[in-house]
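Report on one structure; see the data block that follows.
Just so you know, these numbers come straight off a predicted model, no measurement behind them.
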Amino acid sequence: MMLSNIDGFHEHKAFLGRDRHYTWRSGVKHDCSKVMELWNTKEDLENGYGERLKIEDLFVFPLLKSSDLGNRRTGKARVNVIVTQYKVGQATDDIQDRAPLTWRYLEQHAVALDSRKSIIYRNKPRFSIFGTGNSTNAARCGRALTPYR
């Protein structure tokens, strides 16, 4: 827990209750927000390039950005993220069969995704992401991150 006012914390810590233990965990990392983050519109989703799209919801999850948390906008996510893997290093080629519209979308933006500079993507499956698995916030979202529903 990070505190800016230790005296104030001790004075009011009873308000936390006994069962209010929060553990911060890192979230999904993708290094390509214009492609991987999709904003909710009335009818469909819109990427960072302003393109409207319709893809299967199987790999689309709500995303609360740090600014949402800081501004207490936690009721409903304004943005979603495409989660291509449930565990780091997991194969991504099954997206092609299970969600062909999503796969086509990722392929349409392959230049941006394939040119991500971070070494964490080197020798990993195409369209990989990081920050997935049981120890992350991604595993704690509204629906479980399991490969089959």
Side-chain angles (χ1 to χ4, degrees), residues 1-4 13 15-149:
M1 180 179 294
M2 283 199 304
L3 303 172
S4 63
K13 68 181 176 184
F15 292 116
L16 286 175
R18 292 181 181 215
D19 298 329
R20 306 287 292 195
H21 297 288
Y22 296 102
T23 302
W24 177 257
R25 292 180 168 84
S26 180
V28 172
K29 296 164 196 62
H30 51 69
D31 300 339
C32 202
S33 62
K34 286 190 173 192
V35 174
M36 301 298 277
E37 293 180 9
L38 307 174
W39 295 84
N40 295 313
T41 68
K42 289 183 181 180
E43 300 90 35
D44 45 27
L45 299 170
E46 184 175 303
N47 69 15
Y49 297 111
E51 300 168 342
R52 298 257 171 125
L53 61 139
K54 290 187 188 289
I55 60 175
E56 303 87 353
D57 68 352
L58 186 59
F59 293 92
V60 179
F61 291 85
L63 175 69
L64 290 176
K65 300 177 80 63
S66 59
S67 61
D68 293 323
L69 298 173
N71 291 307
R72 298 175 190 232
R73 292 186 303 249
T74 58
K76 184 174 194 279
R78 299 173 304 133
V79 66
N80 302 286
V81 64
I82 298 174
V83 178
T84 58
Q85 297 166 299
Y86 303 101
K87 294 180 182 173
V88 173
Q90 176 184 3
T92 58
D93 53 351
D94 69 321
I95 299 170
Q96 187 171 9
D97 295 324
R98 297 179 57 219
L101 296 174
T102 302
W103 184 259
R104 189 175 314 130
Y105 172 75
L106 293 170
E107 283 193 319
Q108 288 169 347
H109 293 283
V111 171
L113 291 164
D114 292 343
S115 62
R116 295 176 289 175
K117 304 251 185 269
S118 176
I119 62 170
I120 62 175
Y121 300 107
R122 196 175 298 153
N123 301 318
K124 296 291 188 267
R126 193 168 194 204
F127 311 136
S128 283
I129 60 172
F130 282 80
T132 60
N134 292 337
S135 65
T136 67
N137 281 339
R140 299 178 184 290
C141 71
R143 58 185 157 109
L145 289 180
T146 55
Y148 301 100
R149 311 191 256 160

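With values rounded to the nearest 0.5 angstrom, Asp57 atom CG is found 12.0 Å from Ile82 atom CD1. With rounding to the nearest 0.5 Å, the separation of NZ in Lys124 from OG in Ser118 is 10.0 Å. Atom CG of Leu53 is separated from atom OG1 of Thr102 by 8.5 Å, given to the nearest 0.5 angstrom.
Of all non-hydrogen atoms in Pro125 and Ala91, the two that sit nearest each other are CG-CA, 4.1 Å. Here the closest non-hydrogen pair linking Leu58 and Tyr86 is O-OH, 3.6 Å.
Remark: side-chain polar atoms of Asn40 are paired, donor with acceptor, to backbone N or O of Ala77 under 3.5 angstrom. Looking only at distances, a side-chain donor or acceptor of Thr84 sits under 3.5 Å from a matching main-chain atom of Phe127. A donor-acceptor pair under 3.5 Å links the side-chain atoms of Arg116 to the main chain of Ser128, judged by distance alone. In terms of modelled atom types and a separation under 3.5 Å, the side chain of Glu56 and the main chain of Leu101 share a donor-acceptor contact. Side chain of Gln85 to main chain of Gln90: a donor-acceptor pair is present (N/O by atom type, distance under 3.5 Å, no hydrogens or angles).
With a 6.0 Å radius and a threshold of 12 heavy atoms from other residues, nucleotides or ligands, Asn123 has its CG atom at or below the threshold.
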TODO: In sequence, state the C-alpha distance, the side-chain angles, and the governing distance for Trp39 and Val79, and then conclude on side-chain contact (heavy atoms from CB on, under 4.5 Å).
DONE: CA-CA 4 Å; Trp39 295 84; Val79 66; 3.8 Å; yes
TODO: Walk me through it: do Trp103 and Asp97 pass the test side-chain contact (heavy atoms from CB on, under 4.5 Å)?
DONE: CA-CA 8 Å; Trp103 184 259; Asp97 295 324; over 6 Å; no
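The only member of Asp93, Asp94, Asp114 that meets salt bridge (charged side-chain N to carboxylate O under 4.0 Å, His left out) when paired with Arg126 is Asp114.
Glu43 places a side-chain heavy atom less than 4.5 Å from the side chain of Arg52. When side chains are defined from C-beta on, Leu106 counts as touching Met36, because their heavy atoms get closer than 4.5 Å. In this structure, the side chains of Leu38 and Ile55 come closer than 4.5 Å at one or more pairs of heavy atoms. Val35 has its side chain within reach of Leu113: a pair of non-hydrogen atoms, C-beta onward, lies under 4.5 Å apart.
Ring geometry for His109 against Tyr49 counts as parallel: the plane angle stays under 30°, on a 0 to 90° scale with 60° as the upper cut.
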